[in-house]
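What follows is one structure encoded as structure tokens, with my remarks underneath.
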Amino acid sequence: MKHAKYIIIILTIATLTSCGIYSFTGTSISSDIKTYQVNRFENNALLVEPGLERDFKLALEDLIQNQTNLSLVPSNGDLVYEGEITGYRVSPTTATSENVAAQNRLTISVKLRFFNRKKEDDDLEQSFSFFYDYDGTAQLIGTTKTTAHEEIFERLTQDIFNATLAKW
């Protein structure tokens with residue numbers, strides 16, 4: 001009976017210790033990194049959507065804020081995100097028998113430059129892209145455009161987060 005008591009205590013301690021080092025977001029952020037900044041993402045796409053760079057910047061800031069304990073700063077951040085929107089393209093993906101688009105696709109592409117001022121080996125320059133398909137008879141305005149931007153930004157920002165902080 002004494003041995004069972006010790007085994008339970010050891011298992012409890014091991015379980016609590018292992019949970020203490022687990023991160024639910026999967027991040028691998030060094031303890032000396034406290035701040036991040038997101039610089040303007042200039043819109044260099046051939047088709048320019050007004051306000052897109054602001055909305056993308058805010059979406060990236062919000063995702064990092066919600067998934068880490070880092071503080072957003074306007075300058076001199078330990079982590080720096082910057083880049084440009086390189087593509088904003090609408091193209092037909094499928095056609096009907098009358099040669100009209102049955103479905104359209106909005107694709108947004110972003111080129112990211114990431115700098116870790118505490119560990120330069122983590123610096124990254126990479127392009128990210130994602131799309132949203134919508135009905136060919138619909139116009140890319142109003143709720144369709146809002147939904148498309150939100151879904152694309154959600155995926156792009158999560159991909160950027162995973163590449164820079166989660167190392168996936």
Next on the checklist: If hydrophobic clusters are built from ILVMFWY residues whose side chains come within less than 4.5 Å, do Val110 and Val90 share one?
Outcome noted: yes
Checklist entry - Is the closest side-chain donor-acceptor distance between Gln37 and Glu61 under 3.5 Å? => result no
Item to check | Spatial distance of atom CG (Leu156) from atom CZ (Phe41) [nearest 0.5 Å] | outcome: 10.0 Å
Item to check | Value rounded to 0.5 Å, distance of CD1 in Ile29 from NZ in Lys34 | outcome: 10.5 Å
Next on the checklist: Check this for me, if you would: do Glu82 and Arg40 make a salt bridge, where the nitrogen-to-carboxylate-oxygen distance has to be below 4.0 angstrom?
Outcome noted: no
Next on the checklist: What I'd like to find out is whether the side chain of Arg113 reaches to under 4.5 Å of the side chain of Gln126, using heavy atoms alone.
Outcome noted: no
Next on the checklist: Tell me whether Phe153 shares a hydrophobic cluster with Leu140, the cluster being built from Ile, Leu, Val, Met, Phe, Trp, Tyr side chains joined at under 4.5 Å.
Outcome noted: yes
Item to check | Check: Thr93 side chain, Gln103 main-chain N or O, donor-acceptor pair, under 3.5 Å | outcome: yes
Next on the checklist: To the closest 0.5 Å, what do you measure between CD (Glu42) and OG1 (Thr86)?
Outcome noted: 12.0 Å
Next on the checklist: Nearest 0.5 angstrom please: Ile33 CD1 to Leu70 CG, how far?
Outcome noted: 7.5 Å
Next on the checklist: Any non-hydrogen side-chain atom of Phe114 less than 4.5 Å from a side-chain atom of Leu79?
Outcome noted: yes
Checklist entry - Is there a donor in the side chain of Thr164 and an acceptor in the side chain of Tyr81, or the other way round, less than 3.5 Å apart? => result yes
Item to check | Single-linkage hydrophobic cluster Val38~Leu63, side-chain heavy atoms < 4.5 angstrom | outcome: yes
Checklist outcome for this item: From the list Leu165, Leu124, Leu112, side chain to side chain contact (heavy atoms under 4.5 Å, CB included) partner of Ile160 resolves to Leu112
Checklist entry - Donor-acceptor pair, Thr147 side chain versus Thr144 backbone, under 3.5 Å? => result no
Checklist entry - Where do Ser129 and Thr107 land on the side chain to side chain contact (heavy atoms under 4.5 Å, CB included) test, with the steps shown first? => result CA-CA 7 Å; Ser129 183; Thr107 305; 3.4 Å; yes
Item to check | Side-chain donor-acceptor pair present, Gln65, Tyr36, cut-off under 3.5 Å | outcome: yes
Checklist entry - For Ile64, does its backbone N or O pair with a side-chain atom of Thr68 as donor and acceptor, under 3.5 Å? => result yes
Item to check | Single-linkage hydrophobic cluster Leu72~Phe161, side-chain heavy atoms < 4.5 angstrom | outcome: yes
Item to check | CD1-NE2 distance between Ile152 and His149, expressed to the nearest 0.5 angstrom | outcome: 6.5 Å
Item to check | Heavy-atom closest contact (Gly77 atom, Val80 atom, distance) | outcome: O-CG2, 3.8 Å
Checklist entry - Side-chain heavy atoms under 4.5 angstrom apart, residues restricted to Ile, Leu, Val, Met, Phe, Trp, Tyr: same cluster for Leu47 and Leu106? => result yes
Next on the checklist: side chain to side chain contact (heavy atoms under 4.5 Å, CB included), that's the test. Do Thr157 and Phe56 meet it? Break it down for me.
Outcome noted: CA-CA 8 Å; Thr157 57; Phe56 179 75; 4.0 Å; yes
Checklist entry - Between Asp78 (side chain) and Thr35 (backbone), is there a donor-acceptor pair under 3.5 Å? => result yes
Checklist entry - Do Ile85 and Asn44 touch side chain to side chain, with heavy atoms closer than 4.5 Å? => result no
Checklist entry - Is any side-chain heavy atom of Tyr88 less than 4.5 Å from a side-chain heavy atom of Leu52? => result yes
Checklist entry - Heavy-atom count around Leu46 CG within 6.0 Å, excluding the residue itself: above 12? => result no
Checklist entry - What's the spacing between Tyr132 OH and Glu154 CD if we round to 0.5 Å? => result 12.0 Å
Item to check | Atom NZ of Lys57 with >12 non-hydrogen neighbours under 6.0 angstrom | outcome: yes
Next on the checklist: Between Arg105 and Asp133 (salt bridge meaning N to carboxylate O under 4.0 Å), is one present in this structure?
Outcome noted: yes
Next on the checklist: Can a side-chain donor-acceptor contact be found between Glu120 and Asn116 if the only test is distance below 3.5 angstrom?
Outcome noted: no
Next on the checklist: Is it true that, when you exclude Arg117 itself, more than 12 heavy atoms of the residues, nucleotides or ligands shown sit nearer than 6.0 Å to its CZ?
Outcome noted: yes
Checklist entry - With a cut-off of 6.0 Å (strictly less than), are more than 12 heavy atoms of other residues, nucleotides or ligands near CG of Asp32? => result yes
